[in-house]
Number of protein chains: 2
Amino acid sequence: MLGEATVDWQSKRREATRQEILAAAWAAARESGLAALTLRQVAARVGMRAPSLYSHFTSKHAIYDAMFAQAWQEYDAVAEAHELPSEPRTALREVARRFFDFAVADLPRHQLMNVRTIPDFTPSARSYAEAVRVFDRYRAVMAAIGITADEDLDLFVALVGGLVDAQWANDPGGTRYARLLDRAVDMYADALQLPQVHADQEEP
Amino acid sequence: MLGEATVDWQSKRREATRQEILAAAWAAARESGLAALTLRQVAARVGMRAPSLYSHFTSKHAIYDAMFAQAWQEYDAVAEAHELPSEPRTALREVARRFFDFAVADLPRHQLMNVRTIPDFTPSARSYAEAVRVFDRYRAVMAAIGITADEDLDLFVALVGGLVDAQWANDPGGTRYARLLDRAVDMYADALQLPQVHADQEEP
DNA sequence: GTCTATAGTTTGATAGAC
DNA sequence: GTCTATCAAACTATAGAC
């Protein structure tokens, strides 16, 4: 009587509940701040009492961990969706803009992905693998542009990440550092002596 | 009988206690993380009970606020202490190295100064003024080097800050991004067409 | 003025009924 | 799987000893 169909339905329902809880956690984090998230707050949003969450996550950190993995999966999907232009400098600009826009769109998500904000929280190996997957894709994209040295990859990450952090710290919601992004990328491309774009529309 | 001398002694003692509490708070933050700091933890370090701290600070946030001001005062003292070389690129490297080393030396201090880690904490106007003082000094130093445009100042802050954040996030305690600092500064100096250093010791 | 004692509230987590 | 009940720890605030 309890065949595969029942088990399947149950596990689907269980997964759906997990996703509901995660969505509630993101909403709560956006409202109160990532570190200020409380289990009662999350539970209330899904119509539960706080202890019930422990049927789906072993601890508060386990929720943070699932959020961490989900955020990197989201970014991986964004990166996968877009084809890059063949011209190296244009492609480089797009890589930078893509990461910048994603990081600037959601503060708690950015904090969880790129800043160690929660004391004692370290992503599990399983969740960290999602971040590694994105970095592997980044490595491949940069190789296609013509950049392969580890130090060059690190410098680009630091450059774009620095603009993101400065944007959040000094002008949240504004464009003070967003405006500098293309210029920063060009500066980097010049230093690496990447081929210049054909200046078709220069000085008309 | 209660003359100026008594008042002076009392206020000195009071200020000393304040400083003891702040020192204990820094130590606790370094041990447990900035956001995980508890008043009991701080009080225990100075041989008090938690409520006694309220005689010296009106709230936990007031302690964070005093720490924020103290951190920027510290940096201002570091910046004031050093004379900069006259050669622009060398000076620029020193400005970057000074900030980088300071930020990488102490995680909770860096988080408090440059990252919004504590939910609901915003520095008071009085404390924020300390950060502004440092930025004004930065502006003057950069002007002496020959850099005055706001966008140029912002880009340099983002560049060096990005290396700091990447160092903390991806290689805490290491030198993976510290090694890229001079190269990053040169890249920036090239983009701004700062005069080249005399290549006295090039290709010996 | 400074500290202790203490009370009230919030939060993460566990136990056990159903 | 969800609930109620409950605990330990932590922040805030107040009353009162000295």
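This one's a predicted model, so the numbers in the text were calculated from it and none came from an experiment. Naming convention: chains lettered A, B, ... in sequence-line order (proteins, then strands); numbering from 1 in each chain.
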(request) Assess whether salt bridge (Lys or Arg N to Asp or Glu O under 4.0 Å) is satisfied between B/Arg139 and B/Asp150, documenting all intermediate values. (result) CA-CA 9 Å; B/Arg139 192 186 292 278; B/Asp150 281 346; 3.1 Å; yes

Which part of the nucleic acid, if any, lies within contact of A/Ser59, taking any heavy atom under 4.0 Å across all strands shown: a base, the sugar-phosphate backbone alone, or nothing? sugar-phosphate

Is it true that the NZ or CZ of B/Arg109 lies under 6.0 Å from the centre of B/Phe102's six-membered ring and within 45 degrees of the ring axis? yes

Original post:
Do B/Arg133 and B/Glu130 sit within salt-bridge range, that is, some charged N less than 4.0 Å from a carboxylate O?
Top reply: yes

Expected list for residues 33-58 of chain A near DNA chain C, using heavy atoms below 4.0 Å, is A/Leu37, A/Thr38, A/Leu39, A/Arg40, A/Pro51, A/Tyr54

Outermost contacting nts on DNA chain D, any atom under 4.0 Å from chain B heavy atoms, listed 5' then 3', are D/dA10 to D/dA13

TODO: Assess whether atom OH of A/Tyr138 is packed by more than 12 heavy atoms of other residues, nucleotides or ligands within 6.0 Å.
DONE: yes

Contact check, residues 24-32 of chain B vs DNA chain C, heavy-atom distance under 4.0 Å, returns none

Ionic contact status for B/Asp182 with B/Arg89, cut-off 4.0 Å
no

- Message: If we count only N and O atoms by modelled type, under 3.5 Å, do the side chains of B/Glu15 and B/Gln19 hold a donor and an acceptor together?
- Response: yes

For B/Thr117 and B/Ala35, the nearest pair of non-hydrogen atoms, with its separation, is CG2-CB, 4.4 Å

Angle between ring planes, B/Phe121 versus B/Tyr64, binned at 30° and 60°: parallel, tilted or perpendicular?
tilted

All heavy atoms of A/Tyr188 vs all of A/Leu92, minimum pair found to be CD2-CD2, 3.7 Å

- Message: If only side-chain N and O atoms count, and only distance matters, is there a donor-acceptor pair under 3.5 Å linking A/Tyr177 with A/Asn170?
- Response: yes

